[in-house]
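Here is the naming used below: chain letters follow the sequence lines, and residue numbers restart at 1 for every chain.
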Amino acid sequence: MTATVPAPVRGAVAGAPAATLGERLAGQIQRRGALAVLVVVCAIASATSSTFPTWSNISSILGNNCFVWLLALGMTFVIITGGIDLSVGSMYALGGVLGAYGSTHGTWLAVVLPLAVGAAWGAVQGLMVARGRMAPFIVSLVGLLGLRGLLQAVTSEGATTYLVPQHSAFRSLGQGTWTPVLITAALFVLGAVLLNRTRFGATLTAMGGNENAAVLLGLPVARAKVLVYLLSGTLAAAAGALGGARLGSGVTTIGVGYELTAIASVVIGGTLLTGGSGTIGGTVCGVLLLAVIHNLIDHYFSQYGSAFTDTVNGGFLAVVVLMQTLLSRTQQLE
Amino acid sequence: MGVSLKDVALRAGVSVKTVSNVVNDYPHVTPRTRERVQRAIDELGYRPNLTARHLRKGRTGLITLAIPELGNPYFAEVAGAVIDAASRHDLTVLLDHTAGLREKEVLVSQGFRSHVIDGLILSPIRLEREDLLARTDGPPMVLLGEREYDGPFDHIMIDNVGAARVAVRHLLDLGRRRIAFLGARKESDRQPAHLRLRGWREAVAGAGLTPDESMVVATEGYDRADGAAAMASLLDRDKRPDAVFAYNDLMALGAMRTLVERGLRVPEDIAVVGFDDIEEGSYGAVSLSTVSPDKAAIASLAVECLVERIAARDGAEPLAPRRILPGYRLIVRESTAIRRS
């Protein structure tokens, strides 16, 4: 299962003559910029704050957020193909409610039900994008609104509550720090293998770089597209279900705007929004960086109020994306 | 002088430790021994010294419930339900009153007198998220009520936006088109009033209408008088509403009083829906339609979460923060019961 795609179709610098040192450096920073910033930010935080490097703080960052990072994992695949999936936030909430509902009938249903619904809706989105040639933005916007509506319908607008039974095995999936972290890490590793070591992964990168070329090469572009949205939907529902296991209940109001955070993490991780280039490792750095920044802002700026924290958060995001854009522009100009 | 463990042990002819095992219901005691110890306990009338037991175990069997208003029947009803739920776990509830003041809420959340209590259920009004983040010490805590806090805290709250949407849609279903909202607030957007206002906007917009902001009346407080004054100011405007969704039942009752004084009929001229399902809403001259949060579920979930958290306090791994939205339902009574003619 190795990549058989010719090198020239990959990446934004396709067909460029031998890269100069500066160009290669820019490329490296674009791809590993998030890691560099993450290391710097963590170093500064550890040096200046006594609470940041403590295990209780780190375990709370990891344990309370890591399931949401799975949205960014699925989103990485989607964005590499040049697409976008706005439905994942709503799917996250729906997955939580379905998981909690399923857990009242047994752990197996709590796992199977969200996965099935996530995969089914993901496949529908993929078919609309690949076969129906509809814009991913619109198709997944339908998902964002429609799934939220479905969620309101199955809970009668939050009037029906589904609790995860206290001693359900399902609930233990979300408890503590290590179980969530290990589940998330395992899925990220599987994702990296899928992207880097399989024909499917190579097809995604190729079609994101130049879809027509990929089609001409005889790659199964349409099938890959369907699978990518299926993967994203399944991961989002699974993440939601695991989140529900952690919270102990299906929370209907959760997940609003999560799709945007996921997209931001992916982009900060160096994946190009236009597709064709991206790594799972980059996305890991992206989600960690956003989580650490958020934690630090809570620590240093929370006394100024939540409106201010959101502003700082947005400002930081703008700086990172601006830097990344400048870097990729230098790369393309040369 | 009371009977001690030692007396029981002497009478039963076993060690003090064995008596302790029986009293605390630990395993590894044969039924015969257990029976003998129990007989000795009964004969001597031994009762465990609770103060001593709490000193040994570091638990007092007391939890605090801090609520913002004692005068609001909603909080009185919730407090009653919490006391019921707590008694099922052999816990006694101390009631604290914060008057909805931020300083008081911060004080309570940071463990004011925490050595006396095992845990805390806090229903905050003005407490900010940063106050909770700054909380480094204090007893195990569960947040109760409708203010939104995004963060790793145990929180029991109903879906205010959804519930408000259901209430307003009920009015729309009656054919009402000019639906007012009483009780908006100018403060933080995480306040319940803001969430209910959002539900009002979504329902109105969802019916294809433009939410008319002149139909929104901001008030200072949540009481009957605030509802009456808000209704009066609304009626003095050019456009008269044909329905009112009030922030809570108290305000709805105040508004209905104003309508009676102005010679308007409920629900024929103006239909009214409240929120909370307080008991007096059912017994007015015109009974009040309302959104009824599942108070028993809210109370028992809060106590169960707290009991779990207290038990996990000594554990190596902290318990994951829980977030639960208990259910609610719309109760239709005379204030929106239209006899279609």
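- Using a 4.5 Å cut-off between heavy atoms, Thr177(A) contacts chain B through both its backbone and its side chain.
- The most heavy-atom pairs under 4.5 Å with chain A, out of Asp294(B), Asp154(B), Asp159(B), Leu325(B), come from Leu325(B).
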- Item | Steps toward side-chain contact (heavy atoms from CB on, under 4.5 Å) verdict (Arg322(B), Arg246(A)) | CA-CA 7 Å; Arg322(B) 299 187 70 179; Arg246(A) 187 170 178 83; over 6 Å; no

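- Contact record, Tyr328(B) with Ser156(A): OH-O, 3.6 Å, taken as the closest heavy-atom pair.
- For the pair Ser249(A) and Ile324(B), the tightest heavy-atom approach, listed with the atom from each and the gap, is CB-CG1, 3.6 Å.
- The number of heavy-atom neighbours closer than 6.0 Å to OH of Tyr101(A), taken from other residues, nucleotides and ligands shown, is 12 or below.
- Shortest non-hydrogen contact noted between Ala320(B) and Gly174(A) is CB-O, 4.1 Å.
- Side-chain atoms of Gln166(A) and Glu304(B) form no donor-acceptor pair, as typed in the model, at a separation below 3.5 Å.
- At a 4.5 Å heavy-atom cutoff, the contact between Arg323(B) and chain A is made by backbone and side-chain atoms alike.
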Open item on the list: Using side-chain contact (heavy atoms from CB on, under 4.5 Å), reason through Leu301(B) and Leu163(A) one step at a time and then give a plain yes or no.
Closed with: CA-CA 10 Å; Leu301(B) 284 169; Leu163(A) 294 175; 3.6 Å; yes

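- Contact count versus chain B (heavy atoms, under 4.5 Å) is highest, among Thr51(A), Ile254(A), Thr155(A), Thr252(A), for Thr252(A).
- By the 4.0 Å N-to-carboxylate-O rule, Glu308(B) lies close enough to Arg171(A) to be salt-bridged with it.
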